There are 2 protein chains.
Amino acid sequence: MESTRTTFERLSMPLIAHLARLGRRAVDASTEPGGLRHRQVIALNLLSERGAMSQQALGESLGLDPSNVVGLLNELEECGLTIRRRDPADRRRHIVELSPGGETVLKAAQVRLARVEDTIFHALSPEERAALYELLVRAVGADRPGPRPQCD
Amino acid sequence: MESTRTTFERLSMPLIAHLARLGRRAVDASTEPGGLRHRQVIALNLLSERGAMSQQALGESLGLDPSNVVGLLNELEECGLTIRRRDPADRRRHIVELSPGGETVLKAAQVRLARVEDTIFHALSPEERAALYELLVRAVGADRPGPRPQCD
DNA sequence: TATTGTTATACTCTATAACTATA
DNA sequence: TATAGTTATAGAGTATAACAATA
């Protein structure tokens, strides 16, 4: 009998998987063809919150394989939304950062993202949404977003 | 200014997407090759919670396209975990239900799933996990699991 | 020799459209 | 004509392995 274990009748992961799918579909649906896809928005969002970082760090933060990070950044860079530059201290590294255009595009995407959340979480009150957000932040162990280093 | 809108700095969906990815990988990693994959566990879990239902209803509950439901059920049926039978009342319909073997396999999978949750949510207290679960249940608008209509 | 990023490749997940059989 | 399920197919997401450049 595992006393410290999650009760079987209360598994959260299926619910999270479901919400993630709903969210992804809604985001993709709210985006005009050729626009930012779900993954890209999430990557931009992270770069905006945490600032410039290496590809490796980006991949870890996204929980994404390094080889996928390459393709993701290629797409974003083609659109001029991110910039890769060599780290002078270690020329193997690429430092990735948001371009000014990326910030602008991200802001628009965040508006759409917030609308999608309004739809998906319509059953929750603002307080409950805030509580949910706090729990999720703690779960992923991410630092709180906080004011980001002022770029527009 | 949209006063009823989610604050941009508190978007939950990127966090949910991240947790969903972590969860899926952990589940797949905890499964021996040839074993149940993430999707399949979720489908079995739903059938166990809600009892027999049509493929259409299953697809809606899973937020999955009907064509995907077919493939998913084919896999499960090949392993003898689910059963499809025609609805006598409307012979176009397939009624899907868990087989006894499916119940057994699901129980084992739930143990693994619970372990994965213990890992992913290690930063949360049991009370917080319960609170998270409740919020997620409300968000997906799903009925609480409840005792299922006795099939074995 | 180890590490960062890249390429090539394959497998899974998901959606769309056309088809069948029932209604 | 409409609906439940199926098939075929294509595209997105993700992981693995081998490789290049740099440390």
Side-chain angles (χ1 to χ4, degrees), chain A residues 14 16-31 33-43 52-78 82-96, chain B residues 14 16-31 33-43 52-78 82-96:
Chain A
I16 286 177
H18 187 230
L19 286 173
R21 185 163 43 232
L22 288 184
R24 190 178 50 71
R25 281 200 298 193
V27 168
D28 289 345
S30 77
T31 304
L36 287 182
R37 283 192 313 272
H38 189 236
R39 277 199 332 168
Q40 301 172 317
V41 175
I42 290 182
M53 63 181 80
S54 73
Q55 287 192 203
Q56 180 178 257
L58 182 62
E60 274 168 20
S61 297
L62 291 170
L64 213 56
D65 192 86
S67 64
N68 299 321
V69 177
V70 174
L72 182 56
L73 289 178
N74 286 348
E75 297 164 356
L76 291 172
E77 215 170 43
E78 272 176 24
T82 57
I83 301 168
R84 268 189 278 214
R85 55 184 171 78
R86 289 279 172 193
D87 181 350
D90 182 345
R91 291 182 35 73
R92 291 173 302 184
R93 276 196 175 82
H94 272 158
I95 304 295
V96 187
Chain B
I16 286 178
H18 187 228
L19 287 173
R21 185 165 40 230
L22 288 183
R24 190 178 51 70
R25 281 199 299 190
V27 169
D28 289 345
S30 76
T31 305
L36 288 180
R37 283 191 312 271
H38 190 236
R39 277 199 333 169
Q40 300 173 317
V41 174
I42 290 182
M53 64 180 77
S54 73
Q55 286 191 204
Q56 181 178 256
L58 182 61
E60 275 169 19
S61 297
L62 291 170
L64 212 55
D65 192 86
S67 64
N68 299 320
V69 177
V70 174
L72 182 55
L73 288 178
N74 286 348
E75 298 165 355
L76 293 173
E77 216 170 42
E78 273 176 24
T82 57
I83 300 168
R84 268 188 278 213
R85 55 186 171 77
R86 289 279 171 193
D87 182 350
D90 183 344
R91 292 182 33 73
R92 291 174 301 185
R93 277 197 173 80
H94 273 158
I95 305 295
V96 186

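All values derive from a computational prediction rather than experimental measurement. Below, chain A is the first sequence line, B the second, and so on; all start at residue 1.
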Interatomic distance, [X] [atom1] vs [N] [atom2] [rounded to whole Å]:
{"X": "B:Leu73", "N": "D:dT6", "atom1": "CG", "atom2": "P", "answer": "8 Å"}
{"X": "A:Leu76", "N": "D:dA12", "atom1": "CG", "atom2": "P", "answer": "15 Å"}
{"X": "B:Leu22", "N": "D:dA15", "atom1": "CG", "atom2": "P", "answer": "10 Å"}
{"X": "A:Leu58", "N": "C:dG5", "atom1": "CG", "atom2": "C1'", "answer": "13 Å"}
{"X": "B:Leu62", "N": "C:dT14", "atom1": "CG", "atom2": "P", "answer": "10 Å"}
{"X": "A:Arg21", "N": "C:dT12", "atom1": "CZ", "atom2": "C1'", "answer": "13 Å"}
{"X": "B:Gln55", "N": "D:dT3", "atom1": "CD", "atom2": "P", "answer": "17 Å"}
{"X": "A:Arg37", "N": "C:dC13", "atom1": "CZ", "atom2": "C1'", "answer": "15 Å"}

[N], OP1 or OP2 - any side-chain N/O from [X] closer than 4.0 Å?
{"X": "A:Arg84", "N": "C:dT6", "value": "yes"}
{"X": "B:Arg39", "N": "C:dT12", "value": "no"}
{"X": "B:Arg25", "N": "D:dA15", "value": "yes"}
{"X": "A:His38", "N": "D:dA12", "value": "no"}

Q) Considering residues at least two apart in sequence or located in another chain, which fulfil the salt bridge (Lys or Arg N to Asp or Glu O under 4.0 Å) criterion with A:Glu60? A)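 Expected list: none.
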Q: For the residue pair A:Gln56 and A:Arg93, confirm or rule out a side-chain donor-acceptor distance under 3.5 Å.
A: no
Q: For side-chain contact (heavy atoms from CB on, under 4.5 Å), just list the numbers for B:Leu58 and B:Leu64, CA-CA rounded to whole Å, side-chain angles, deciding distance to a tenth of an Å, and then say yes or no.
A: CA-CA 8 Å; B:Leu58 182 61; B:Leu64 212 55; over 6 Å; no
Distances under 3.5 Å between nitrogen or oxygen atoms of protein and nucleotides 20-23 of chain D:
unit_1, atom_1, unit_2, atom_2, d
D:dT22, OP1, A:Arg91, NH2, 3.4
D:dA23, OP1, A:Arg91, N, 2.9

Q: Choose from C:dT16, D:dA15, D:dG5 the nucleotide whose nearest atom is closest to any side-chain atom of A:Asn68.
A: D:dA15
Q: Take A:Arg24 and A:Ser54, find for each the nucleotide of DNA chain C with the closest heavy atom, and name the residue whose nucleotide sits nearer the 5' end.
A: A:Ser54
Q.
Show the nearest heavy-atom pair for residues B:Leu72 and B:Ala43, with the distance to one decimal.
A.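 Looking at all heavy atoms of both residues, the shortest contact is CD2-CB, 3.8 Å.
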Find the distance between [atom1] ([X]) and [atom2] ([Y]) and round it off to the nearest 0.5 Å.
{"X": "B:Leu36", "Y": "B:Ile42", "atom1": "CG", "atom2": "CD1", "value": "11.5 Å"}
{"X": "B:Asp28", "Y": "B:Arg39", "atom1": "CG", "atom2": "CZ", "value": "11.0 Å"}
{"X": "A:Ile83", "Y": "A:Leu73", "atom1": "CD1", "atom2": "CG", "value": "12.0 Å"}

Q | Which residue lies more 5' along DNA chain D, comparing A:Asp65 with A:Asp28 via nearest heavy atoms | A | A:Asp28
Q: Would you kindly check whether a donor in the side chain of A:Ser67 faces an acceptor in the base of D:dT14, or vice versa, at under 3.5 angstrom?
A: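 Per atom types, no contact qualifies.
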